[in-house]
Protein chains: 2
Amino acid sequence: MTNSPIFAYAEPEENNGYLLWQVSMRWQLLMNQRLRDVGITLTQFSLLAGLYWLDRRGEVVTQQRLADYANTDKMMTSKVVQTLEGKGLLSRMDNPEDGRAKQLRLTPAGETVLGQANTLVEQVDAAVFQAIQSEANVFNRLMQQLMANMPK
Amino acid sequence: MTNSPIFAYAEPEENNGYLLWQVSMRWQLLMNQRLRDVGITLTQFSLLAGLYWLDRRGEVVTQQRLADYANTDKMMTSKVVQTLEGKGLLSRMDNPEDGRAKQLRLTPAGETVLGQANTLVEQVDAAVFQAIQSEANVFNRLMQQLMANMPK
DNA sequence: TTAATAAAGTAGTCACGACTACTAAATTCA
DNA sequence: TGAATTTAGTAGTCGTGACTACTTTATTAA
């Protein structure tokens, strides 16, 4: 081991990127553990939720549109959406207006599961963010600033 | 679609958990893209860095110790550490004091790559967190509070 | 109006990340 | 001390998440 230290700080916890990563991983773990009760994963939840939002807006939702909205890549979206179709939570119809595209719709079962899942998601969020409850709006603003200015 | 909305908010961006997840995923993507230049992943970087920290403390580092420190599970750590051994970035010796355990050490090549990687990591962090530069300490405090009070 | 290009979706690879289940070596304690 | 339990590590599965490469269908433009 050489004498010149590689890192500029004394503990990894001083690094905001490291903290962001760690907290997010824990949050995801808690979410996935909780969502197991309704038989879906966090990623599946986010796609179901995205589909719900877009449908609420009155949009015709293709896989690509959903991927753009949920910030997932289209290859992964393709797979997960097929999984969700297999579970009967959404339907994939051929889009009559575009021979390449699929048209996604939540099934009644999908909407039911989404509602149940969201209850669990809200519980986990409440438990996690309770620690900074009084400054939740500050946190939200900072995260939005990060999100909006993310490189590339 | 029923008339009663499932979600309590109008846009997903109002949800702190969702934002945390999205920002973290982007951050990871940027890190992994940048680290490709030195041939390692973010996870590999974090284990090399953890090993460096623990060695600096004078500890004998086993895989389990490293997993605990980096908050990774031991199964994943086992695999990634073998990958890193294959790349010649660390060595895994049998621990003479415990027949079950491996003793990990950074190789000189590992230390070199860690240094190069950390330069890239610092650049990405600087670019990402530039957006909240003046409030970086507020962000750090909030994240530490979340981390310290994470359920379970 | 074709020819070039772009877009929607799929197949398959690699590397996590969480998991169950297992082996073998320590440790504990009855 | 010998049996029960704990601990370190591995094997293999599932579900992302990013990627390359491909097919098929639209769109654009020469």
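Below, read A as the first sequence line, B as the second, and so on, with proteins coming before strands; counting in each chain starts at 1.
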From [options], nucleotide with atom closest to [X] side chain:
| X | options | answer |
| --- | --- | --- |
| Val80(A) | dA7(C), dA8(D), dT16(D) | dT16(D) |
| Leu29(B) | dA24(C), dC19(D), dG9(C) | dC19(D) |
| Lys79(A) | dA8(D), dA7(C), dG12(C) | dG12(C) |
| Thr62(A) | dA8(D), dG17(D), dG9(C) | dG9(C) |
| Asp73(B) | dA21(D), dC16(C), dC19(C) | dC19(C) |
| Arg36(A) | dA18(C), dG17(C), dT10(C) | dA18(C) |

Is a donor-acceptor pair below 3.5 Å formed from side chain Arg100(B) to base dT7(D), judging by atom type as modelled? yes
On a plain distance test, is the side chain of Lys74(B) in donor-acceptor contact with the base of dG9(D) below 3.5 Å? yes
If you count every heavy atom of other residues, nucleotides or ligands that lies below 6.0 Å from Glu11(B) atom CD, does the total exceed 12? yes
Protein-nucleotide distance ([X], atom [atom1]; [N], atom [atom2]), rounded to Å:
| X | N | atom1 | atom2 | value |
| --- | --- | --- | --- | --- |
| Gln28(A) | dC19(C) | CD | P | 13 Å |
| Lys102(A) | dT23(D) | NZ | C1' | 13 Å |
| Asp98(B) | dA26(C) | CG | P | 5 Å |
| Leu35(A) | dT16(D) | CG | C1' | 14 Å |
| Met25(B) | dA15(C) | CE | C1' | 15 Å |

When all nucleic acid strands are considered with a 4.0 Å heavy-atom cut-off, which category describes Arg92(B): base, sugar-phosphate, or nothing? sugar-phosphate
Check whether any side-chain N or O of Lys87(B) sits under 3.5 Å from a backbone N or O of Gly39(B) as a donor-acceptor pair, and report yes or no. yes
Could you check Thr77(A) against Gln33(A) and say which one's nearest nucleotide on DNA chain C is further toward the 5' end? Thr77(A)
Heavy-atom nearest nucleotide on DNA chain D for Thr83(A) versus Arg65(B): which residue maps closer to 5'? Arg65(B)
Taking only Lys NZ, Arg NE, NH1 and NH2, and the carboxylate oxygens of Asp or Glu, determine whether Glu135(B) and Arg141(A) approach each other closer than 4.0 Å. yes
Is a donor from one side chain sitting under 3.5 angstrom from an acceptor on the other, for Thr112(A) and Gln116(A)? no
Compute whether any side-chain donor of one residue and acceptor of the other, for Ser78(A) and Gln82(A), lie under 3.5 angstrom apart. yes
Would you indicate, yes or no, if dT10(D) has its OP1 or OP2 atom less than 4.0 angstrom from a side-chain nitrogen or oxygen of Ser78(B)? yes
OP1 or OP2 of dC16(C) less than 4.0 angstrom from a side-chain nitrogen or oxygen of Gln44(B), does that happen here? yes
